[in-house]
2 protein chains.
Amino acid sequence: MGKEVGLFRTFMSRKGLRKTPERDQIIEEIFATTDHFDVDGLYLRLRQKGSKVSKASIYRNIPLILECGLIKEVWHEDGHMHYEAFYGQAPHCHLRCLQCGQVIEFFAEDLEKTKKRLENQYGYKILDHRLDMKGYCSKCQGNF
Amino acid sequence: MGKEVGLFRTFMSRKGLRKTPERDQIIEEIFATTDHFDVDGLYLRLRQKGSKVSKASIYRNIPLILECGLIKEVWHEDGHMHYEAFYGQAPHCHLRCLQCGQVIEFFAEDLEKTKKRLENQYGYKILDHRLDMKGYCSKCQGNF
DNA sequence: TTTACTGCAAAAGGTTTGCATGGGT
DNA sequence: ACCCATGCAAACCTTTTGCAGTAAA
């Protein structure tokens with residue numbers, strides 16, 4: 001059992017909610033890879049492994065997993081939301097190729113400075129951020 | 001007539017597409033304020049001013065206005081996409097309060113450096129970026 | 001005259017919800 | 001025993017699309 005399942009169980013328990021096999025399976029599958037995912041893909045992966053979890057259950061649990069901090073919304077594309085497993089990874093940003101869809105993850109070391117500045121300047125308590133860049137990768141430049 | 005209408009007409013013309021009153025009205029209304037907007041809100045503002053533009057026309061034109069560079073997608077929330085007028089503004093980022101919804105726009109001066117670094121490191125040509133931060137504003141801290 | 005553009009209404013597709021059943025505590 | 005969670009199917013809502021009429025070029 002991955003450690004994320006334990007974290008989620010604790011989170012649920014603190015909220016007076018229940019541990020269920022479906023919830024365990026969802027968390028396990030999200031952390032089975034480090035990739036980004038969407039609801040439909042996660043559902044198919046679960047089915048392939050023999051799980052009977054319904055999409056409704058996935059949709060009902062995603063807000064809880066977000067609140068728990070284990071996943072993050074990363075972008076809305078092709079008509080649906082995309083997420084990424086978050087726990088255990090330093091926060092990172094995305095660079096995407098508009099042509100081939102390649103995603104490079106990178107760290108923006110300067111962001112912390114900007115964050116501090118904003119907290120001082122506006123009195124905010126900043127909890128989360130998202131930085132994405134788009135463009136063309138070396139291979140795709142000139143292919144259009 | 002706002003200068004954005006002219007820019008969009010030129011853009012359309014280069015693509016062999018047409019100038020229509022509906023397109024002019026949509027562009028004018030987007031740039032009537034500097035606020036963020038969504039399709040439904042834009043549609044209502046147009047109706048209030050007596051325009052007969054349909055939502056279908058707004059939806060059909062948004063990809064073109066995006067491609068033209070006059071607007072940007074900023075975030076997907078409450079089940080629909082939010083945009084902002086883009087032309088004539090230096091690119092800016094958003095800091096949002098999760099409690100009251102206040103949005104502060106700021107400039108992240110360090111981003112250019114990061115962008116350059118990525119272009120060199122990965123051979124990318126970067127066209128666009130998005131940086132958003134979320135947290136609680138000074139008033140809302142402690143109100144929950 | 002050609003054919004892109006529009007409004008309308010229907011369709012599509014992702015997400016949410018009502019309901020009856022099942023299962024955790 | 002209580003009532004939260006699930007699966008199913010229907011509902012919901014934003015966005016897309018087919019169609020017939022209209023109007024740019």
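The chains referred to below are lettered A, B, ... by the order of the sequence lines, with proteins before strands, and numbering in each begins at 1.
- Closest approach to the B:L17 side chain among C:dT6, D:dC2, C:dC5 is made by C:dC5 (side chain taken as heavy atoms from C-beta onward).
- Here the nucleotide nearest the side chain of B:A56, chosen from D:dT6, C:dC5, C:dA9, is C:dA9.
- The interatomic distance linking A:L42 (CG) with C:dT15 (C1') rounds to 15 Å, in whole Å.
- One atom, CD of B:E77, and another, P of D:dT14, lie 14 Å apart when rounded to the nearest Å.
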- Report the C-alpha separation of A:S51 and A:Q25 in whole Å, then their side-chain angles, then the decisive distance to 0.1 Å, and conclude whether the side chain to side chain donor-acceptor pair (under 3.5 Å) test is met. CA-CA 8 Å; A:S51 168; A:Q25 289 164 23; 2.5 Å; yes
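- Donor-acceptor pairing under 3.5 Å is recorded for the side chains of B:E84 and B:H92.
- Between B:P21 and B:H76, the residue whose closest nucleotide on DNA chain D is further toward the 5' end is B:H76.
- Checked against D:dT15, C:dT15, D:dA25, the side chain of A:V39 finds its nearest nucleotide in C:dT15.
- Among the protein residues, A:K52 comes within range of the sugar-phosphate backbone only, with heavy atoms under 4.0 Å from sugar or phosphate atoms but none that close to a base.
- Distance A:I26 CD1 to D:dA5 P: 12 Å, rounded to the nearest Å.
- Contact check, A:Y59 against C:dT16: no side-chain N or O comes under 4.0 Å of OP1 or OP2.
- If you measure from atom OH of A:Y43 to atom C1' of D:dT6, you get 13 Å, rounded to the nearest angstrom.
- Under the 30°/60° scheme for interplanar angles, the aromatic rings of B:Y124 and B:Y122 are found to stand perpendicular.
- In summary, B:R60 and B:E22 do not engage in a salt bridge, as defined by a charged side-chain N under 4.0 Å from a carboxylate O.
- For A:R47 and D:dC8, the CZ to C1' distance is 12 Å, given to the nearest whole Å.
- Phosphate contact (OP1/OP2 of D:dT6, side-chain N/O of A:S54, threshold under 4.0 Å): absent.
- Atom CD of B:Q25 is separated from atom C1' of C:dT6 by 12 Å (rounded to the nearest Å).
- A side-chain donor-acceptor contact under 3.5 Å links B:K72 to the backbone of B:H129.
- Rounded to whole angstrom, the span from the CG atom of A:D38 across to the P atom of C:dG13 amounts to 15 Å.
- Residue B:T20 places no side-chain N or O under 4.0 Å from the OP1 or OP2 atom of D:dA24.
- Contact annotation: B:N61 side-chain N/O to C:dC5 OP1/OP2 distance is not under 4.0 Å.
- Between the base of C:dT6 and the side chain of B:R60 there is no donor-acceptor pair shorter than 3.5 Å.
- Note on A:K55: nothing from the nucleic acid sits closer than 4.0 angstrom, heavy atoms only.
- Evaluation of atom-type donor-acceptor distances gives a pair under 3.5 Å for the side chain of B:R18 against the base of C:dA4.
- Proximity of a side-chain donor or acceptor of B:E119 to a complementary backbone N or O of B:I126 within less than 3.5 Å is detected.
- When distances are taken from the side chain of A:E22 to each of D:dG7, D:dT15, D:dT17, the shortest belongs to D:dG7.
- If you take CE of A:M12 and P of D:dC3, they are 19 Å apart, rounded to a whole angstrom.
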